[in-house]
*Asks:* 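Let me begin by handing over the structure; questions about it come next.
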Amino acid sequence: MAENKRYKTFNDELRLRFGCRVQRVSLDAGFSCPNRDGNVGTGGCTFCTERGSAAVGVQTGLAINQQLEQSKEYLRGKFRAERFLAYFQAFSNTYAPPALLKTIYELPLQDPDIVGLIVGTRPDCLPEPVLELLAELHKRTYLWLEIGMQTMHDSTLANINRGHNHACLVDAVKRCKDKGIRVCLHLILGLQGETREDMMQSVLELNRLGVDGVKLHHLHVIRGSILEQDYLSDNLRLMERSEYVELVADVLELIEPQIMIHRLMGDGGSQLVAPDWSRRKLEVLNLIDNELAKRNSRQGSRLLID
Ligand code: SF4
């Protein structure tokens with residue numbers, strides 16, 4: 001663990017593995033999503049927008065190589081990054097025939113600055129031929145598969161219009177793990193109707209599933225999402241900053257120490273509607289560090305004493 005962090009950070013893993021600053025380059029490869037095109041549903045998840053959860057800076061519409069070049073330039077300037085992971089982030093990046101997926105995944109790997117791939121998707125977009133392709137890539141590059149879990153509770157999954165249940169996620173993770181693929185799950189804290197107990201159950205489920213990494217997100221509202229309508233009509237309660245800080249500290253104390261923490265909160269960027277406090281991410285991350293220090297606790301510490 002890093003000296004100044006009480007949890008196992010993805011940045012440390014990258015620095016240790018590659019010996020330099022490595023940044024993710026978010027890409028939009030032009031995929032769609034079965035929860036938007038009518039195959040599973042229409043309208044998408046309530047927190048998503050027509051950009052398919054792409055990061056704000058993603059140059060939608062540009063060729064992958066152009067997106068890579070532009071983002072690398074920016075990340076070199078901002079973070080002094082030396083190497084990069086190509087992050088297929090927008091929409092469902094395994095939702096295409098395996099031959100097409102292979103062609104697309106191979107593109108960034110031709111670039112010597114790219115040291116690995118991150119592929120984001122839904123649990124119902126992982127048929128065996130796609131997993132075989134990912135397993136083959138895993139053998140020759142540094143690969144992470146990110147899958148949206150969001151919660152383990154089927155009633156919440158239905159409320160947020162995910163279009164799959166938790167059993168689907170459990171099955172997908174098991175099949176990935178059987179093939180040795182590194183899996184990072186996305187979890188949202190503060191979903192409508194969920195109690196603290198519900199959220200903690202989802203956190204403990206991460207441990208039970210034996211995943212390699214997790215991305216935590218606070219529920220936030222992005223312009224153009226279904227949630228925005230709820231928020232504007234006063235039908236949505238969002239967490240206060242202090243509430244989220246304490247909750248994340250509680251959550252980290254329950255996560256197995258070997259699980260890598262890829263993220264502790266989301267980025268709304270310029271499309272963020274609320275909560276306002278999430279615009280100052282560094283402040284929130286520092287408060288989480290302070291909270292853990294105040295408690296003298298760390299990732300997994302409650303698993304040891306409970
Ligand atoms: S599965 Fe992903 S891309 Fe599709 S609607 Fe949900 S969040 Fe958006």
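Atoms within each ligand, like the ligands themselves, are counted from 1 in listed order. Computed from a predicted model, the values in this text were never measured in an experiment.
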*Asks:* Just to verify, what does Ala81 make a side-chain contact (heavy atoms from CB on, under 4.5 Å) with, not counting sequence neighbours?
*Replies:*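 side-chain contact (heavy atoms from CB on, under 4.5 Å) check on Ala81 returns Arg21, Gln23, Leu75, Phe84.
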*Asks:* For atom 2 (Fe) of ligand 1, which of Glu50, Arg162, His164 has the closest heavy atom?
*Replies:*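 Going through Glu50, Arg162, His164 one by one, Arg162 has the nearest heavy atom to atom 2 (Fe) of ligand 1.
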*Asks:* Taking 2.8 Å as the cut-off, does an N/O/S atom of Cys48 lie below it from atom 8 (Fe) of ligand 1?
*Replies:*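 Short answer: yes, at least one N, O or S atom is under the cut-off.
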*Asks:* Short list, please: which atoms of ligand 1 are under 4.0 Å from a heavy atom of Phe91?
*Replies:*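 So the atoms of ligand 1 that pass are 3 (S).
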*Asks:* Heavy atoms only, cut-off 4.0 Å: how does Cys45 contact ligand 1, side chain, backbone, both, or neither?
*Replies:*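 The part of Cys45 near ligand 1 is both the backbone and the side chain.
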*Asks:* For ligand 1, which atoms have a heavy atom of Phe47 less than 4.0 angstrom away?
*Replies:*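 It comes down to these atoms of ligand 1: 7 (S).
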*Asks:* So, do Ser26 and Ser71 sit near enough that their side-chain heavy atoms are less than 4.5 Å apart?
*Replies:*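 They are not in side-chain contact.
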*Asks:* Going through the checks in order, is the salt bridge (charged side-chain N to carboxylate O under 4.0 Å, His left out) test met by Glu50 and Arg36?
*Replies:* CA-CA 9 Å; Glu50 286 182 351; Arg36 290 194 164 273; 5.4 Å; no
*Asks:* Can you sort out which atoms of ligand 1 are near Gly44, meaning under 4.0 Å from one of its heavy atoms?
*Replies:*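 So the answer, numbered in order with elements, is 5 (S).
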*Asks:* Mind checking what makes ring-ring contact (aromatic ring centres under 6.0 Å, His included) contact with His153, not counting sequence neighbours?
*Replies:*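 Counting only residues at least two positions away or on another chain, His153 forms no ring-ring contact (aromatic ring centres under 6.0 Å, His included).
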*Asks:* Hey, do the aromatic rings of Tyr87 and Trp144 have their centres closer than 6.0 Å?
*Replies:*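 Judged by ring-centre distance (under 6.0 Å), Tyr87 and Trp144 do not meet the cut-off.
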*Asks:* Got a second to check how far Glu256's CD is from Asp212's CG, nearest 0.5 Å?
*Replies:*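 Taking CD in Glu256 and CG in Asp212, the distance rounds to 12.5 Å.
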*Asks:* Provide the number and element of each atom of ligand 1 under 4.0 Å from a heavy atom of Arg122.
*Replies:*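 The atoms of ligand 1 under 4.0 Å from a heavy atom of Arg122 are 1 (S).
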